[in-house]
*Asks:* 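Could you have a look at this structure, given as C-alpha cells, before my questions?
These numbers come from the heavy atoms of this one structure, side chains and all, not from hydrogens, waters or symmetry mates. Bear in mind that the values here come from a model prediction, so they are computed numbers and not experimental data. Below, chains carry the letters A, B, ... as their sequence lines are ordered, and counting in each starts from 1.
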Amino acid sequence: DQQVKQNSPSLSVQEGRISILNCDYTNSMFDYFLWYKKYPAEGPTFLISISSIKDKNEDGRFTVFLNKSAKHLSLHIVPSQPGDSAVYFCAASGAETSGSRLTFGEGTQLTVNP
Amino acid sequence: NAGVTQTPKFRVLKTGQSMTLLCAQDMNHEYMYWYRQDPGMGLRLIHYSVGEGTTAKGEVPDGYNVSRLKKQNFLLGLESAAPSQTSVYFCASSDPGQCQFFGPGTRLTVL
C-alpha cells in the first residue's frame, strides 16, 4: 500500500520556466509534508516543508502547495535552473507517528535543460 | 561538522555473508534511521531509534538488525546477506519533529 505517490517518474523543463512536481497521499493522518532533493551519489537533502494548517509555503524559488481535501501537494520551482536537475522526493509524517517517521514517494527525476 | 557519515561507501558481498554498516552523526540528534532505496520505490524505512539503547522496526525490517549503543552511532547488520538486499542504504538523523539529515549512502551488492 503506497501511501505517498509521485506518479511522474520524470519531468523535463527548459531553463527559466516553471517546474511543477506533484505528490498524492492516501493517509488522512499525515499532517506534515516535506520535499527532499537528491543528486546522484549523494544523500537526500531537505528542501522545503509544509504543515497541514497551511496551504502554501514559500522559500525563494521554491513554493509548496497543499490541498488537503484532494490529498495532494505540489512543489513549484520558478525560475528553474540547470542546477535544479535532481531527483525530488515527497515525504509525509503524522502527529501520531512514533519517532517522526517519514513515508516517502517514489521520486521524480527533474531535468532542467539549458 | 561532518553531519551524518556512513561507512563503508561501497561493499560487495556473497550470499550468506554478514556485514555491519556504520552510521555516525555529530549533531547530537535523538532520532536515527536506516533506509534502503531501490529503483522506482523511493526510500523505505528499515529500522529506527528514538534514543540511545532503543530500536524499533520500520516498514521493511526482515533480514536486518540494528543497535544504538551510543547516541551518535547507529549500526545496521545483515546476518546472512541475500541478493534481495542489494540496494543503496541511507542513514539519517533528526531531533523530534524536525527534518531528517541524511548521510551519503552505502551501495551494497550481494552476489
*Asks:* Pair up each side-chain donor or acceptor in residues 15-22 of chain A with any protein partner under 3.5 Å, not counting sequence neighbours, and list the distances.
*Replies:*
{"residue": "Ser19(A)", "atom": "OG", "partner": "Ser80(A)", "partner atom": "OG", "Å": "2.6"}
{"residue": "Asn22(A)", "atom": "OD1", "partner": "His72(A)", "partner atom": "NE2", "Å": "3.2"}

*Asks:* Relative to each other, are the rings of Tyr25(A) and Phe33(A) parallel, tilted or perpendicular (30° and 60° limits)?
*Replies:*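 Because their plane-to-plane angle lies in the 30° to 60° range, the rings of Tyr25(A) and Phe33(A) count as tilted.
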*Asks:* Under 4.5 Å heavy-atom distance to chain A, tell me which part of Gln37(B) shows up: side chain, backbone, both or neither.
*Replies:* side chain
*Asks:* Surrounding CD of Glu79(B) (heavy atoms of other residues, nucleotides or ligands, distance under 6.0 Å), is the total greater than 12?
*Replies:* no
*Asks:* Are Leu78(B) and Phe90(B) joined in one hydrophobic group, where the rule is that I, L, V, M, F, W and Y side chains link up if heavy atoms are under 4.5 Å apart?
*Replies:*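 Hydrophobic grouping puts Leu78(B) apart from Phe90(B).
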*Asks:* Which bit of Ala41(A) is near chain B, if near means a heavy-atom gap under 4.5 Å: side chain, backbone, both or neither?
*Replies:* backbone
*Asks:* Could you check if a side-chain atom of Asn73(B) sits within less than 4.5 angstrom of a side-chain atom of Arg68(B), using non-hydrogen atoms only?
*Replies:*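 The answer is no; the side chains never approach within 4.5 Å.
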*Asks:* Measure distances from Leu43(B) to the heavy atoms of chain A and classify the residue's part below 4.5 Å as side chain, backbone, both or neither.
*Replies:* both
*Asks:* With heavy-atom distances below 4.5 Å as the criterion, would you say the side chains of Lys71(A) and Phe30(A) are in contact?
*Replies:*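 A side-chain contact under 4.5 Å is absent here.
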*Asks:* Counting only heavy atoms not in Arg44(B), do more than 12 sit closer than 6.0 Å to its CZ atom?
*Replies:* yes
*Asks:* Taking 4.5 Å as the heavy-atom cut-off, does anything in residues 44-63 of chain A contact chain B, and if so which residues?
*Replies:* Pro44(A), Phe46(A)
